[in-house]
Amino acid sequence: MMPMLSASLPSREPGPRDVTDDPIVIGLVNNMPDTALETTERQFRELLSAASDNFAVCLKLFSVPEVPRAEAGLTHISQHYENISELWASHLDGLIVTGTEPRAPVLADEPYWATLTKLIDWAEDHVCSTVWSCLAAHAAVLHLDGIERRPFRSKLSGVFDCMKATDHAIVAGVPSRWSVPHSRFNDLPEEALVSGGYRILSQLAGAGADMFVKQRRSLFLFVQGHPEYDPGALLREYRRDVRRFLAGKRDSYPEMPCGYFDEEAVAALTAFRQQALHNRHIDLFLSFPAAIAERKLAHVWFGPAVGIYANWLAYLVEQRALSRGSAKAHTDNNLKETG
């Protein structure tokens, strides 16, 4: 079990906050690639810590075993994660499931599809609310309602303007507009989501749904972006893809993330791209202008992300209190009837 996360922050509205030593137990099913495993753990720990106002959060780590991994990733998971078999017997207040890099054109052909769909069904029956992130959101929507993702002509990568689409407890107190990182190859058609009973919480300017929810036996929150990202996450992904291009592991040079770098960084990265296209060789990667690129990166989405996750944690607290109150009332009634 991982250590508790706690933070004492100024009160945020709306929603009650409990001062309690009884932690909210969150399961993180981390399916990110090996190079991002520990980073993703840290990102969610920091976000949940900042969002947990006056109550403790305990984070338990799991991973879908069929996600392809090298020896280093398998070793890290064996040392720090609980076995997926233990998840099925766990009692969690909330669940977060990350995506991973897509490998197959059809989600059902991914090697982890059977376990992921089992997780979707289990979460609905055993957890009061689950956050499905990026590819995991696409998988959950496909499994639940048969809504297929559609590919972009090029990867959607960058920091984008986002607008609140409706009033809902999850986005209560969040500004009407904020910025959010996205890094994905596919999209879920907004019209199909609405027709399928999903409620759109936020939209990207001209690029469809950002977050949406559906209330089934539990509350499912779907997040196509990455509000948990730290300031350098998109740079690391871009640098990784540049390296793959120089090493001959991808055919095209990656597009620069939109709305992310300042003018000086854009100029340096554009010049490097020209060199790479002219002289494609892995040795050139040593001169990638990472220092210039990361110099003025801003974490402009962190505040809204904290607000969203604070609201989600407050929902978990409220639902747990209601559940315990209902269970106590049921027990009291049984005692009266047998007394």
Side-chain angles (χ1 to χ4, degrees), residues 29 31 64 95-125 127-171 174 176-228 255 258 304 308 311-312 315:
V29 182
N31 302 312
V64 172
L95 185 67
I96 300 169
V97 183
T98 78
T100 187
E101 280 194 88
R103 293 172 178 257
V106 178
L107 269 172
D109 292 337
E110 296 282 6
Y112 46 79
W113 179 251
T115 301
L116 189 55
T117 54
K118 178 181 179 180
L119 176 61
I120 295 165
D121 294 334
W122 179 88
E124 184 170 9
D125 291 329
V127 185
C128 82
S129 184
T130 300
V131 177
W132 303 98
S133 173
C134 202
L135 184 138
H138 295 175
V141 168
L142 175 62
H143 178 62
L144 294 171
D145 292 293
I147 299 175
E148 297 273 1
R149 62 184 184 176
R150 59 186 180 191
F152 291 116
R153 280 184 282 187
S154 60
K155 183 179 181 180
L156 183 74
S157 175
V159 180
F160 298 89
D161 288 338
C162 182
M163 298 166 291
K164 188 185 296 187
T166 187
D167 290 326
H168 188 278
I170 294 297
V171 290
V174 177
S176 60
R177 299 178 70 94
W178 66 93
S179 297
V180 64
H182 278 253
S183 177
R184 52 191 169 96
F185 293 93
N186 299 279
D187 187 37
L188 291 168
E190 186 174 344
E191 60 276 10
L193 293 173
V194 173
S195 297
Y198 294 83
R199 186 173 177 184
I200 309 300
L201 300 186
S202 56
Q203 298 166 306
L204 297 182
D210 170 54
M211 295 191 305
F212 46 98
V213 293
K214 191 168 190 179
Q215 180 71 61
R216 294 169 62 95
R217 287 191 292 276
S218 66
L219 178 68
F220 279 0
L221 170 61
F222 305 88
V223 183
Q224 291 205 89
H226 288 282
E228 79 280 1
E255 294 292 329
C258 299
I308 291 164
N311 289 334
W312 183 63
Y315 176 82

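Heavy atoms only: backbone and side chains are in, while hydrogens, waters and symmetry mates are out.
- The backbone N or O of I170 sits less than 3.5 Å from a side-chain atom of H168, completing a donor-acceptor pair.
- Between C162 atom SG and R177 atom CZ the span is 9.0 Å, to the nearest 0.5 Å.
- Checking side-chain atoms of Q203 against main-chain N and O of D210 turns up no donor-acceptor pair under 3.5 Å.
- With sequence neighbours excluded, the residues forming a ring pair (Phe, Tyr, Trp, His ring centres under 6.0 Å) with F212 are Y198, F222, listed by chain and number.
- In this structure, R216 places its CZ atom where more than 12 heavy-atom neighbours from other residues, nucleotides or ligands lie under 6.0 Å away.
- Counting heavy atoms from C-beta outward, T98 and W132 have side chains that stay 4.5 Å or more apart.
- Residues C128 and S218 share a closest heavy-atom pair of O-CB, 3.2 Å.
- Among all heavy-atom pairs drawn from F152 and N186, the shortest one is CE1-O, 3.3 Å.
- Going from atom NE2 of H138 over to atom CZ of R184 covers 5.5 Å, rounded to the nearest 0.5 Å.
- A donor-acceptor pair is defined here as one N or O able to donate and one able to accept, closer than 3.5 Å; such a pair exists between the side chain of N31 and the backbone of V64.
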task = Output, in order, the C-alpha distance, side-chain angles, deciding distance and verdict of side-chain contact (heavy atoms from CB on, under 4.5 Å) for W178 and I308.
result = CA-CA 12 Å; W178 66 93; I308 291 164; 4.2 Å; yes
key: Worked verdict on E228 versus I96 for side-chain contact (heavy atoms from CB on, under 4.5 Å)   = CA-CA 11 Å; E228 79 280 1; I96 300 169; over 6 Å; no
task = With side-chain contact (heavy atoms from CB on, under 4.5 Å) as the test, would you mind laying out the steps for V29 and L119 before giving the verdict?
result = CA-CA 10 Å; V29 182; L119 176 61; 4.1 Å; yes
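- Around the CG atom of D167, the shell of radius 6.0 Å holds no more than 12 heavy atoms that belong to other residues, nucleotides or ligands.
- Residues A209 and L193 share a closest heavy-atom pair of CB-CD1, 4.1 Å.
- With hydrogens and angles ignored, the 3.5 Å screen pairs a side-chain donor or acceptor of T117 with a backbone N or O of A114.
- Considering only heavy atoms from C-beta on, L204 stays 4.5 Å or farther from Q224 through its side chain.
- Salt-bridge annotation for D109 and R103: absent, with no side-chain N of the basic residue lying under 4.0 Å from a carboxylate O of the acidic one.
- Nearest heavy-atom pair across R149 and P105 is NH2-O, 3.3 Å.
- In this structure, the side chains of D161 and S179 come closer than 4.5 Å at one or more pairs of heavy atoms.
- Under the salt bridge (Lys or Arg N to Asp or Glu O under 4.0 Å) criterion, K164 pairs with no residue, sequence neighbours left out.
- The minimum heavy-atom distance between K214 and G197, with the atom names listed, is CG-O, 4.0 Å.
- How far CG of L95 is from OG1 of T130: 4.5 Å, rounded to the nearest 0.5 Å.
- Distance check: M163 CE to I200 CD1 gives 12.0 Å after rounding to the nearest 0.5 Å.
- No more than 12 heavy-atom neighbours from other residues, nucleotides or ligands sit within 6.0 angstrom of CD on E255.
- Residues L188 and E148 form no side-chain contact, since every pair of their non-hydrogen atoms from C-beta on lies 4.5 Å or further apart.
- A donor-acceptor pair under 3.5 Å is formed between the side chain of S129 and the backbone N or O of L219.
- Counting heavy atoms from C-beta outward, S154 and F185 have side chains that stay 4.5 Å or more apart.
- A heavy-atom distance below 4.5 Å is not found between the side chains of L116 and E110.
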ask   = Going through the distances and angles, do L107 and W113 end up as a side-chain contact (heavy atoms from CB on, under 4.5 Å)?
value = CA-CA 7 Å; L107 269 172; W113 179 251; 4.0 Å; yes
query = Taking it one step at a time, do R150 and E190 satisfy salt bridge (charged side-chain N to carboxylate O under 4.0 Å, His left out)?
reply = CA-CA 11 Å; R150 59 186 180 191; E190 186 174 344; over 6 Å; no
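- Expressed to the nearest 0.5 Å, how far CG of L221 lies from CG of L201 amounts to 6.5 Å.
- Closest of all the heavy-atom pairs between T100 and L135 is O-CD1, 3.6 Å.
- Not a single donor-acceptor pair under 3.5 Å links the side chain of S133 to the backbone N or O of V97.
- Atom NE2 of H182 and atom CG of D187 lie 9.5 Å apart (nearest 0.5 Å).
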